[in-house]
Amino acid sequence: MKSLADLQAIRAKTLENINMRKEDENAARVVVGMATCGIAAGARPVMLKFLEEIKDRDLQHVTVSQTGCIGMCRLEPMVDIILPGQEKVTYVKVKPDMVDRIVAEHLIGGTPVAEYTIGAAEA
Amino acid sequence: MDLYRAHVLVCGGTGCTSSGSAKLIERFEEQIATNGLDKEVKVVRTGCFGLCEAGPVVIIYPEGTFYSRVKVEDVDEIVTEHLLKGRKVQHLVYVDHKTHESSVQKSLNEIGFYKQQERIALRNCGVIDPENIDEYIAFDGYQALGKALTEMTPEQVIDEILKSGLRGRGGAGFPTGKKWQFARASQAEHKYFVCNADEGDPGAFMDRSLLEGDPHAIIEAMAIGGYAIGADEGWVYVRAEYPIAVKRLEKAIEQAREYGLLGKNIFGTDFNFDIHIRLGAGAFVCGEETALMASIEGKRGEPRPKPPFPAVRGLFDSPTNINNVETLGNVAQIILKGADWFRSIGTEKSTGTKVFALGGKINNTGLVEVPMGVPLRTIIEDIGGGIPNGKKFKAVQTGGPSGGCIPASLLDISVEYDTLTSVGAMMGSGGMIVLDEDNCMVDIARFFLDFTVDESCGKCTPCRIGTRRMLEILERITEGKGEEGDIEKLENLAENIKNSALCGLGQTAPNPVLSTIKFFRDEYEAHIRDKKCPAHHCQAMLNYVITDKCRGCTLCARKCPVSAITGTVKEKHVIDTAKCIKCGQCIANCKFGAIIKD
Ligand SMILES: Cc1cc2nc3c(=O)[nH]c(=O)nc-3n(C[C@H](O)[C@H](O)[C@H](O)COP(=O)(O)O)c2cc1C
Ligand code: SF4
Ligand code: SF4
Ligand code: SF4
Ligand code: FES
Ligand code: FES
């Protein structure tokens, strides 16, 4: 290590992995429903897909966590996305191949993918 | 590097390690692998979280769920419920003593124990893996060193520390910037920067926790200090009884060398600095700076008169700066965030925070870091969660064997250097022992004096003989053989010792006695005149008495090992006080609460 820039490089490399332990009001949260039915309905591949997409795009300030039973088993797998300072948006019957768009348009672009949301499903 | 969605932080501090956290880590890793989660969930061994009493402690991020007293058997449930299905394991979640709220929906910082705390020195403890330099760097580690070396002159570094108002956390509270100035001003080819990690105060463990939880912070601060005073060699003097701290420090030094953060031409500048470790044998007096340096040099750890001060002639006769671990724990943050930021925390004359080892009769024993100037009440009631078993708070002992007591009437005192000194207690290194109505203040004084008599190196007479005289008087008093005039004798001896002892150990040894006399003179008098211990603690003055609540069940008479209890069935029993050996068996066995100590 010969300079502050070298130090920054190590910092950046480790940071994404550490961020969740910091208090970060700017963090976007992806919450995947993982109760028994959620897992049965295929929530795990969905969550893994989210992790993969986030890693591939090197997104900072995003945490992926799970939650238990929400009481709407028929709509599982469900995923909540909460952007800082915004209401949560709930996606239902999420399949791994939907994750790419949710990440690109919602997590990065800031616009929810309307047709995947609970509003569209219930309408 | 894989992106993990969850981190399982398991405390690897001394407290939790002794309650079995190493086994937990093993089991977590095993179970996480079994459930196919090893690509998503990472297990991290951290330093002390501060709530050792609730250990072993496990925190799961990103939720920040705080599990306490986790056993190996609990791990499977945490993995399958929390990590696999996202359901918190309610019965393991930490419950706040005071509010009885569990931390289920809360993040760590909302728990009562942490809410009132402000973590600067301990900021990384329980957050990072202390054996991984990258994690330290990710939390802004070594940036302050880079900034100091590449953007600041040594004078500017000293100036920043001076302006921050940082004072020594090792006991005396001397301004750190001033000390660095003196050491810088000494001209010499070779200078040393020493870290005092001897931590001899019984009941204190903040320096140990800091070294265990964030060793790189100390290394970084020593390098910054070395640059500021012009030293190229550092020594850490750490007690051999701290094996985990020593191991982590060794590992951290190695990693820092590998990264070129210790060694030659650090950050491409012409600054060279390296650090060595010296293990101390654990004598209390070796924490005194001149004794400590003698000990590093391989000589007997005995103090010598000052001046010359270490800044002029210290280690191996070269100018030396010596700072306490916790003092150093603040340095990098001050350089990084600036003196003004540091000054904004705490009070005018006591800036920043102080770490205390809270112990004794208190619900949440553990490590707490609070801004200087908080009311003592906040520490005891809000953070400490009050006194267990509904007992009454009596006093707090601060400053260990050099300090004194703060009685309940002063509970609203602001905790900072000068206010504590003004009431005859002192900040000391940060031991804080809470006493309740069952603690006898004469006996507390005796306890600390017993410690100093044991630890006196014997080099000077006032300390060697004087403290022993004081101890003899205190022992007499607690044995019910106190005499009129004993209090005055104690006061005279104390004055003499304070004025003539060679080093700080002797000079401060009488403090626990003087301070208890000052606030609890009536307890001394009760022992001496009435031959009574108001706290019912001193055995010699205790009588076990059976009251009218006795139903005559005969149980106590059968339990008494010396047959001191007589009586017939269904009649009130009596204790023969001449026979009674005060073993307490009868009280422990009486189902009707009929026996009392008087
Ligand atoms: C008997 C005695 C024991 C001491 N023990 C310690 C100790 O364990 N740790 C410590 O940092 N300072 C201890 N000190 C204070 C040191 O002499 C010295 O003042 C301190 O390390 C300076 O660091 P600071 O300015 O950062 O507080 C002790 C002093 C005396 C008189
Ligand atoms: S005061 Fe006590 S410990 Fe200090 S030098 Fe004298 S005898 Fe030794
Ligand atoms: S055990 Fe209690 S109730 Fe029974 S005889 Fe003894 S004092 Fe009386
Ligand atoms: S304290 Fe012990 S010795 Fe005394 S009366 Fe009770 S049981 Fe007997
Ligand atoms: S178990 Fe799936 S929503 Fe309840
Ligand atoms: S050692 Fe684990 S919380 Fe202190």
Side-chain angles (χ1 to χ4, degrees), chain A residues 1-25 27-40 43-45 47-70 78-80 82, chain B residues 1-7 9 35-37 39-40 42 44 46 59-65 81-88 107-109 123-124 126-129 132-147 149-151 256 258-261 263 265-269:
Chain A
M1 174 151 354
K2 283 289 153 230
S3 66
L4 271 173
D6 295 347
L7 191 68
Q8 282 304 337
I10 297 177
R11 183 166 180 270
K13 175 182 70 131
T14 321
L15 201 57
E16 63 180 63
N17 230 308
I18 290 274
N19 259 332
M20 74 171 79
R21 286 183 240 159
K22 289 192 172 179
E23 262 185 76
D24 187 356
E25 287 123 40
R29 290 170 52 211
V30 177
V31 183
V32 184
M34 283 283 229
T36 312
C37 74
I39 293 175
R44 275 191 58 78
M47 186 183 67
L48 293 175
K49 185 73 181 161
F50 267 105
L51 285 174
E52 193 185 310
E53 291 289 328
I54 290 165
K55 185 185 162 203
D56 286 352
R57 293 169 208 242
D58 208 7
L59 295 186
Q60 305 280 324
H61 307 292
V62 181
T63 69
V64 179
S65 58
Q66 307 157 295
T67 186
C69 171
I70 314 178
M78 306 211 305
V79 176
D80 288 339
I82 304 138
Chain B
M1 187 178 300
D2 283 315
L3 179 62
Y4 296 98
R5 68 172 164 84
H7 289 183
L9 273 60
N35 285 282
L37 298 171
K39 291 263 172 324
E40 302 156 42
K42 179 179 176 169
V44 183
T46 70
I59 297 184
I60 297 187
Y61 284 96
E63 297 90 341
T65 311
E81 283 298 299
H82 189 142
L83 293 174
L84 197 60
K85 298 181 192 153
R87 286 197 293 237
K88 289 171 189 169
S107 81
L108 201 53
N109 293 323
R123 71 188 179 283
N124 284 336
V127 180
I128 65 167
D129 174 354
N132 183 343
I133 188 172
D134 288 354
E135 291 208 355
Y136 179 67
I137 291 174
F139 278 75
D140 304 331
Y142 289 108
Q143 274 197 44
L145 177 62
K147 180 176 171 188
L149 293 186
T150 59
E151 296 166 16
E258 244 162 62
Y259 273 21
L261 294 163
N265 303 110
I266 301 171
F267 280 107
T269 67

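The model shown is predicted, which means the values in this text are computed figures rather than measured ones. All chains are named by letter (A, B, ...) in the order of the sequence lines, taking the proteins before the strands, and each is independently numbered beginning at 1.
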Counting only heavy atoms closer than 4.5 Å, note whether [X] contacts chain A via side chain, backbone, both or neither.
{"X": "B:Asn124", "result": "neither"}
{"X": "B:Leu9", "result": "side chain"}
{"X": "B:Ile266", "result": "neither"}
{"X": "B:Glu258", "result": "neither"}

Which answer fits [X], side chain, backbone, both or neither, if we ask what part of it has an atom under 4.5 Å from a heavy atom of chain B?
{"X": "A:Ile54", "result": "both"}
{"X": "A:Ser3", "result": "backbone"}
{"X": "A:Gln8", "result": "side chain"}

Minimum heavy-atom separation for A:Leu4 and B:Gly146, please, with both atom names.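 Smallest interatomic distance, heavy atoms only, reads CD2-CA, 3.9 Å.
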
Over all atoms of both residues, closest heavy-atom pair of A:Arg44 and B:Leu84: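 Taking every non-hydrogen atom into account, NH1-CD1, 3.7 Å.
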
Does a side-chain heavy-atom distance below 4.5 Å link [X] with [Y]?
{"X": "B:Phe267", "Y": "A:Leu7", "answer": "yes"}
{"X": "A:Ile10", "Y": "B:Tyr259", "answer": "yes"}
{"X": "B:Glu63", "Y": "A:Val31", "answer": "no"}

Output the distance between atom CD1 (B:Ile137) and atom CG (A:Asp6), rounded to the nearest 0.5 Å.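 With rounding to 0.5 Å, CD1 (B:Ile137) is 10.0 Å from CG (A:Asp6).
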
Presence of salt bridge, B:Asp140 and A:Arg11, under 4.0 angstrom: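 Salt bridge between A:Arg11 and B:Asp140, a charged N being under 4.0 Å from a carboxylate O: yes.
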
Determine, stepwise, if the pair B:Lys39 / A:Leu51 fulfils side-chain contact (heavy atoms from CB on, under 4.5 Å). CA-CA 10 Å; B:Lys39 291 263 172 324; A:Leu51 285 174; over 6 Å; no

